[in-house]
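Chain letters run A, B, ... following the sequence lines, proteins first, then strands; residues in each count from 1.
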Number of protein chains: 2
Amino acid sequence: MALFLDTFINKIDKKGRVSVPAPYRLSLSGLSFQGIIALPSFKNKAIICAGIDWMEKLSQQVGRVDLFSDAHDDLTATLFADAKQLGFDGEGRIILPESLLSHAHIQESAAFVGRGQIFEIWQPEALEKYKIFARKQALEKNRTLSVISDK
Amino acid sequence: MALFLDTFINKIDKKGRVSVPAPYRLSLSGLSFQGIIALPSFKNKAIICAGIDWMEKLSQQVGRVDLFSDAHDDLTATLFADAKQLGFDGEGRIILPESLLSHAHIQESAAFVGRGQIFEIWQPEALEKYKIFARKQALEKNRTLSVISDK
DNA sequence: CATAATATCCCATGATATCCCAAATATATA
DNA sequence: TATATATTTGGGATATCATGGGATATTATG
């Protein structure tokens, strides 16, 4: 399974293209689709991204939920309806659609932030503010330590 | 599982390269990624380091937490977002990024400190001060006995 | 069907990291 | 003490990566 780490800030050019960081591309190599899956985060002004394998796994999990249940409706509407499949060009760039750009308030540059099995794209300054907040939360609720000390 | 012992002080050259101690490299050999994972310590002005296997294990543990929970967000932002993947060159050196160097106030040389399953990188003088403090704390709070008798 | 808008392909460039070889230093061996 | 071996350190050559832009192909639209 892929492991996305670190934070990279890349420019968006006049054509709307932005390089996916090379280490991320390496994690995504060998998949059936050469590119990423991108969908709006409903918790933050950010774009959730992953490889096609992650989406397929998610799809299987959702498949176990009853087709005509409200849960199925909510999940599929949230996860699949707004998900975009963005292919790499020869240089490993993608084009972020207008809907995702405006959702994350991204204009001239984009911050790619690793979250383990997935990664996210943020407006750089918004990400910095969020990181400070998240670290505070993790410390206050003692989250980091319990996971690390856990064998 | 890797075991990192002892302390080594190595120079940082003009290109920002520094040798990872040979015994540490031996502990890390055979892993899928030839290099180290490095992230800022939020407790000390130091850099926490480990092999990719340690990070993968962490990722799996975090993967069990609900993907869209606050706990997942806080943890991944703290653990993965600032973690760097630093590969060895042919001579077993890494390049420490500016962000980590400034976090640990490191300039011309770096101290590698074994901490068991992980190791840390410190500014050498800061490490000496910390060691004295840590030894005092251990004695005062009688930590050695309680931790060892545990389990 | 024609035309415009948009995306894709291809190549160029500067900055940076990586590779490769060699010298210097430290550690072990005879 | 002298020699051999491993490790750290140094520096030039090479490759990779992010970025930019022209040319071509694809798609949408009137």
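Here the P atom of nucleotide D:dT7 and the CZ atom of B:Phe8 are 11 Å apart, to the nearest Å. In this structure, CG of B:Asn10 is placed 11 Å from P of D:dG10, rounded to the nearest angstrom. Atom CG of B:Leu86 and atom C1' of C:dT16 are 15 Å apart (whole Å). Rounded to whole Å, the distance from CG on B:Asp13 to C1' on C:dT18 is 13 Å. Going from atom NZ of A:Lys11 over to atom C1' of C:dG14 covers 12 Å, rounded to whole Å. Summarising the geometry, the separation between CG on A:Asp89 and P on C:dT6 is reported as 18 Å, rounded to the nearest angstrom.
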Requested in this report: Report the C-alpha distance between B:Leu67 and A:Ile118 in whole Å, list the side-chain angles of each, state the deciding distance to 0.1 Å, and finish with yes or no for side-chain contact (heavy atoms from CB on, under 4.5 Å).
Outcome: CA-CA 10 Å; B:Leu67 181 62; A:Ile118 65 170; 4.1 Å; yes
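Both A:Phe42 and A:Ile48 belong to a single network of hydrophobic side chains, linked directly or stepwise wherever heavy atoms of I, L, V, M, F, W or Y lie under 4.5 Å apart. Using a 4.5 Å cut-off between side-chain heavy atoms of Ile, Leu, Val, Met, Phe, Trp and Tyr, with links allowed through other members, B:Trp54 and B:Ile121 fall into the same hydrophobic cluster.
One finds the NZ atom of B:Lys14 at 14.5 Å from the CD1 atom of B:Ile12 (value rounded to the nearest 0.5 Å). Atom CD1 of A:Ile95 and atom NZ of A:Lys15 lie 8.5 Å apart (nearest 0.5 Å). From B:Met55, atom CE reaches atom CG of B:Leu58 across 5.5 Å, with rounding to the nearest 0.5 Å. B:Leu79 CG to B:Asp74 CG: the interatomic distance, rounded to the nearest 0.5 Å, is 10.5 Å.
Taken residue by residue, residues 116-125 of chain A places no heavy atom nearer than 4.0 Å to DNA chain C. Heavy-atom distances under 4.0 Å link DNA chain D to no residue of residues 105-114 of chain A. Within a heavy-atom distance below 4.0 Å of DNA chain C, the residues of residues 15-30 of chain B found are B:Lys15, B:Arg17. Within residues 93-100 of chain B, the residues having any heavy atom closer than 4.0 Å to DNA chain C are, in order of number, B:Arg93.
Within the 4.5 Å cutoff, the side chain of A:Asn44 has heavy atoms near those of the A:Trp122 side chain. B:Ser41 places none of its side-chain heavy atoms less than 4.5 Å from the side chain of B:Ile47.
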Name the atoms and distances for all side-chain donor-acceptor pairs under 3.5 Å in residues 80-92 of chain B, with sequence neighbours left out.
from	atom 1	to	atom 2	distance (Å)
B:Asp82	OD1	A:Lys131	NZ	2.8
B:Asp82	OD2	A:Arg135	NH2	3.0
B:Lys84	NZ	A:Asp6	OD1	2.8
B:Asp89	OD1	B:Glu91	N	2.8
B:Asp89	OD1	B:Gly92	N	3.1
B:Asp89	OD1	B:Arg93	N	2.9
B:Asp89	OD2	B:Arg93	NE	2.9
B:Asp89	OD2	B:Arg93	NH2	3.3
B:Glu91	OE1	B:Arg93	NH2	3.2

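Direction of the helix axis in the helix from C:dC1-D:dG30 to C:dA30-D:dT1 shifts by 30° between the two five-pair termini, rounded to 10°.
Partners of B:Asp73 under the side chain to side chain donor-acceptor pair (under 3.5 Å) rule, at least two apart in sequence or in another chain, are A:Lys43. Applying the side chain to side chain donor-acceptor pair (under 3.5 Å) criterion to B:Glu128, with sequence neighbours excluded, gives no partner residue. For B:Lys11, the side chain to side chain contact (heavy atoms under 4.5 Å, CB included) criterion is met by no residue, not counting sequence neighbours. With sequence neighbours left out, B:Thr76 forms a side chain to side chain donor-acceptor pair (under 3.5 Å) with A:Arg115. Partners of B:Glu56 by side chain to side chain donor-acceptor pair (under 3.5 Å), not counting sequence neighbours: none found.
Between A:Tyr24 and A:Phe119, the ring planes lie tilted relative to each other; the angle falls in the 30° to 60° range.
Aromatic pair A:Phe4/A:Phe112: ring centres not closer than 6.0 Å.
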Polar pairs (N or O, both sides) under 3.5 Å between protein and nucleotides 22-26 of chain C?
none

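The closest donor-acceptor contact from the side chain of B:Asn10 to the backbone of B:Ser19 lies under 3.5 Å.
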